[in-house]
Each structure stands twice: as C-alpha cells, then as structure tokens.
Novice: 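Before anything else, here's the structure in question.
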Amino acid sequence: MQLLLQARGFDVRAYPGGQPLLADVALRRPDCLVADYRLDDQTGIAVLKAMRALEWDGPAILVSAYASAELERDARDAGFAAVFEKPLREYALVDAVARLTRRPGIG
C-alpha cells in the first residue's frame, strides 16, 4: 500500500504497529489514516480510537482480510470512512484516499 500510494504522489509514512504511529501523531497530523485491521500490537480500530482521543479528526480507511458485517459495523462506528476487503483493488484505495484528502488529479 505504501509503494502504491507513493507512486500516485501521496506523501506516505508507514509504521510497524500502532504504538509507533500514535507516538508520531502527537508530532504530526496526517491527512488520512490507512490502517490494516490486524496489526502486530493492536487492531486498526483501536489505533483510530486512540488517534481520536488525541483529537485527530482526519479521515480513515480500514483494510482487512477478515471482512464481516460485524467488522464493517465496528469500523464505521469507530469513524472509518471506508472499509476495503483484501485482496485490495488498488484503484479503489487510491480513489478513496484522493477523495478523502480532496486531492484531485492524482495520477
């Protein structure tokens, strides 16, 4: 995902887990969060909830290989604007990030 979004002109920061990301959110405010559901140290849903507690109010996208109606509901309740199932359709992710960050013409 990192390479795909970078190739489309997005400034991307990747993290090995939720804790390094949360430590960085205090210093930097990302335009958009793209999180996998299963991370090494927590879930993408828990990460977004923690970011919201830090008063980050940007858009978020969840990606999961474990899609279910319950996961979709939990993700939406947590504030995710979109939930994508793996295998990921690359154009859908790029389009969603462009739309949510209001970046037209990403090529």
Novice: How far does SG of C32 sit from CZ of R102, to the nearest 0.5 angstrom?
Specialist: 11.5 Å
Novice: Hey, what do you get for CG (L5) to OG1 (T101), rounding to the nearest 0.5 Å?
Specialist: 9.5 Å
Novice: Is there a donor-acceptor contact under 3.5 Å from the side chain of R76 to the main chain of A81?
Specialist: yes
Novice: Does a side-chain heavy-atom distance below 4.5 Å link Q19 with Q42?
Specialist: yes
Novice: To check you understand the geometry: which heavy-atom pair defines the closest contact between G44 and A35, and what is its length?
Specialist: CA-CB, 4.1 Å
Novice: side-chain contact (heavy atoms from CB on, under 4.5 Å), that's the test. Do D36 and K86 meet it? Break it down for me.
Specialist: CA-CA 10 Å; D36 201 300; K86 292 179 183 177; 2.4 Å; yes
Novice: Counting only heavy atoms not in Q6, do more than 12 sit closer than 6.0 Å to its CD atom?
Specialist: yes
Novice: Distance-only, no hydrogens or angles: does the R52 side chain make a donor-acceptor pair with backbone N or O of W56 under 3.5 Å?
Specialist: yes
Novice: Do M1 and L39 sit in one hydrophobic cluster, given that two such residues count as connected whenever their side-chain heavy atoms are within less than 4.5 Å of each other, even indirectly?
Specialist: no
Novice: Do side-chain atoms of D41 reach the backbone of G18 as a donor and acceptor pair under 3.5 angstrom?
Specialist: yes
Novice: Report the C-alpha distance between V34 and L62 in whole Å, list the side-chain angles of each, state the deciding distance to 0.1 Å, and finish with yes or no for side-chain contact (heavy atoms from CB on, under 4.5 Å).
Specialist: CA-CA 6 Å; V34 178; L62 185 69; over 6 Å; no
Novice: Where is the tightest heavy-atom contact between A96 and I61, given as atom of each residue plus distance?
Specialist: CB-CD1, 3.8 Å
Novice: Tell me, do R38 and T43 make a side-chain contact under 4.5 Å, heavy atoms counted?
Specialist: no
Novice: Test side-chain contact (heavy atoms from CB on, under 4.5 Å) on F80 and I45; report intermediate values, then the result.
Specialist: CA-CA 8 Å; F80 283 93; I45 292 173; 3.9 Å; yes
Novice: Give the cluster check for F10 versus L88: same hydrophobic cluster or not, with ILVMFWY residues linked at side-chain heavy-atom distances below 4.5 Å.
Specialist: yes
Novice: Between D24 and Y15, is there a side-chain heavy-atom distance shorter than 4.5 Å?
Specialist: yes
Novice: Should the pair R89 and F84 be classed as cation-pi, given the thresholds of under 6.0 Å to the six-membered ring centre and 45° from the axis?
Specialist: no
Novice: Can you tell me how far the CG atom of D77 sits from the CD atom of E70, to the nearest 0.5 Å?
Specialist: 10.5 Å
Novice: Should S64 and E72 count as side-chain neighbours, where that means a heavy-atom distance under 4.5 Å?
Specialist: no
Novice: Hey, mind stepping through R28 and R13 against side-chain contact (heavy atoms from CB on, under 4.5 Å) and telling me if it holds?
Specialist: CA-CA 11 Å; R28 243 188 295 252; R13 302 242 187 318; 3.1 Å; yes
Novice: Is there a side-chain contact between L21 and L33 (heavy atoms, below 4.5 Å)?
Specialist: yes
Novice: Out of L100, V94, L93, which one pairs with V97 under the side-chain contact (heavy atoms from CB on, under 4.5 Å) rule?
Specialist: L93
Novice: Given R29 and D31, is the salt bridge (charged side-chain N to carboxylate O under 4.0 Å, His left out) satisfied, shown in steps?
Specialist: CA-CA 7 Å; R29 300 308 236 188; D31 293 333; over 6 Å; no
